[in-house]
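Some notes on the structure that comes next.
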Number of protein chains: 2
Amino acid sequence: MSSQIRRTMPLFPMGTVMKLTDLSARQIRYYEQHHLITPDRSDGNRRLYSLNDIDRLLEVKDLLDQGINMAGIKKILLKDESQEIELETKDSGVKLKKEFTDEELRKLLRKELINAGRFNRSPGMDRRFFH
Amino acid sequence: MSSQIRRTMPLFPMGTVMKLTDLSARQIRYYEQHHLITPDRSDGNRRLYSLNDIDRLLEVKDLLDQGINMAGIKKILLKDESQEIELETKDSGVKLKKEFTDEELRKLLRKELINAGRFNRSPGMDRRFFH
DNA sequence: AATCAGTGTGATAAAACATTACATGGTGTT
DNA sequence: AACACCATGTAATGTTTTATCACACTGATT
């Protein structure tokens, strides 16, 4: 049985993952930057994705297609890993972590609600109901 | 379920297959030259192996470890695909196909028998029983 | 208008791979 | 013993793929 392939084994290169997920390299790296996936690396620093990574990317894609933004997706997919938000730091990269404040939470949820049905909706009834 | 990964999908690059099978690139390409596997190619001519390819390579490796040579392995693994042998052609490469002749078959089978138990055998009883 | 989020694109460097040719250690053959 | 062959190693060279970084763009938010 294929030498016991585990769902966490680093197996696939970028190109394969792009085709399997129909995402661009840019997108995939961007989602990694936001810790939605943490692919392994080869000795030569090339990303190697696991089956789990691919599943996760497909989840991300699905949520994006539903109009949910990064913040929401993170909230949904990283709900175990001690909820936190990232802040851009001057030394480049997304790193700082902090608990959600009440205001942030409210803001985020409002955004999610607004965006949730943003697609496939009739052009008449718009977001003027929210603000 | 990982976007319906089929056992025939071209997914893995050489490096991954090397690690999964513990074979060298040279070996893997050599077995391909002998039609034991026929990996797909990327747009840029890079080999892409499927789960089936990996299984096949592991079978090959197993048979080799048992002391069976290429000819025997081909006979075993390609038994459906209309048995044939290859002859080196001057224009390089293994290509010509031809039905086994009786002599060839006898010779091959003799070799297989001799080699089959070549390893893990007591150094006393040797191939002097065959010739 | 200015900002921000998500993604595209281009430049550059390095890693991984393909191909080819030659070398080598066993095994079998003459 | 000398030779031939099989399966594999290795080196040279060229191409493909990926990494990183920087900047641009579009649509939505403020």
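Each chain gets a letter, A, B and so on, in the order the sequences are listed, and its residues count up from 1.
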- Nearest-angstrom distance from the residue atom CG of A/Asp43 to C1' of D/dT18: 15 Å

- Item | Side-chain heavy-atom pair B/Ile73, B/His34 within 4.5 angstrom cut-off | no

- Expressed in angstrom and rounded to an integer, what is the separation of A/Met70 atom CE from C/dA5 atom P? 11 Å

- Kindly compute the distance separating CG (A/Leu36) from CE (A/Met70), expressed to the nearest 0.5 Å. 6.0 Å

- Query: B/Ile28 has an atom CD1; how far is it from atom P of D/dG9, in whole Å?
  - Reply: 10 Å

- Query: How long is the line joining CG of A/Leu57 and C1' of C/dT7, in whole Å?
  - Reply: 15 Å

Tabulate below the donor-acceptor pairs under 3.5 Å that side-chain atoms of residues 10-24 of chain A make, not counting sequence neighbours, or state none.
residue : atom : partner : partner atom : Å
A/Thr16 : OG1  : B/Leu11 : O            : 2.7
A/Thr21 : OG1  : A/Val17 : O            : 2.7
A/Thr21 : OG1  : A/Leu23 : N            : 3.3
A/Ser24 : OG   : A/Gln27 : N            : 3.1
A/Ser24 : OG   : A/Gln27 : OE1          : 3.3

- How long is the gap from NZ on A/Lys61 to CD1 on A/Ile28, to the nearest 0.5 Å? 10.0 Å

Produce the list of close N/O pairs, under 3.5 Å, pairing protein atoms with atoms of nucleotides 20-22 of chain D; give distances to one decimal.
residue : atom : partner : partner atom : Å
D/dT20  : OP1  : A/Arg41 : NH1          : 3.2
D/dT20  : OP1  : A/Asn45 : ND2          : 3.2
D/dT20  : OP2  : A/Arg47 : NH2          : 2.6

- Whether B/Asp53 side chain and B/Ser50 backbone form a donor-acceptor pair below 3.5 Å: yes

- Note on the structure: To the nearest 0.5 Å, atom CG of A/Leu51 lies from atom CZ of A/Arg6 at 12.5 Å

- Query: Can you check whether B/Arg56 reaches B/Tyr31 side chain to side chain, under 4.5 Å on heavy atoms?
  - Reply: no

- Item | Between P of C/dG28 and CG of B/Asn69, the distance in whole Å | 10 Å

- Would you kindly give the CG-to-C1' distance between B/Asp40 and C/dC17, to the nearest whole Å? 16 Å

- Assess whether one donor atom and one acceptor atom, taken from the side chain of B/Arg46 and the base of D/dT16, lie less than 3.5 Å apart. yes

- Task: For B/Tyr31 and for A/Tyr49, find the nucleotide of DNA chain D with the closest heavy atom, then tell me which residue's nucleotide is more 5'.
- Result: B/Tyr31

- Message: Tell me whether the side-chain N/O atoms of B/Tyr30 come closer than 4.0 Å to OP1 or OP2 in D/dT8.
- Response: no

- Tell me whether the OP1 or OP2 atom of D/dT16 has a side-chain N or O from B/Ser42 closer than 4.0 Å. no

- Task: Working to the nearest 0.5 Å, report the span between CG of B/Leu78 and NE2 of B/His35.
- Result: 9.0 Å

- Item | Rounded interatomic separation in angstrom, taking CG from B/Leu64 and P from D/dA7 | 8 Å

- Round to the nearest Å and state the distance from B/Glu32 atom CD to C/dA18 atom C1'. 11 Å

- Query: Considering only heavy atoms, which members of residues 9-21 of chain A lie under 4.0 Å from some atom of DNA chain C?
  - Reply: none

- Task: Treating Ile, Leu, Val, Met, Phe, Trp and Tyr as nodes and any side-chain heavy-atom pair under 4.5 angstrom as an edge, say whether B/Leu48 and A/Ile5 lie in one connected cluster.
- Result: no

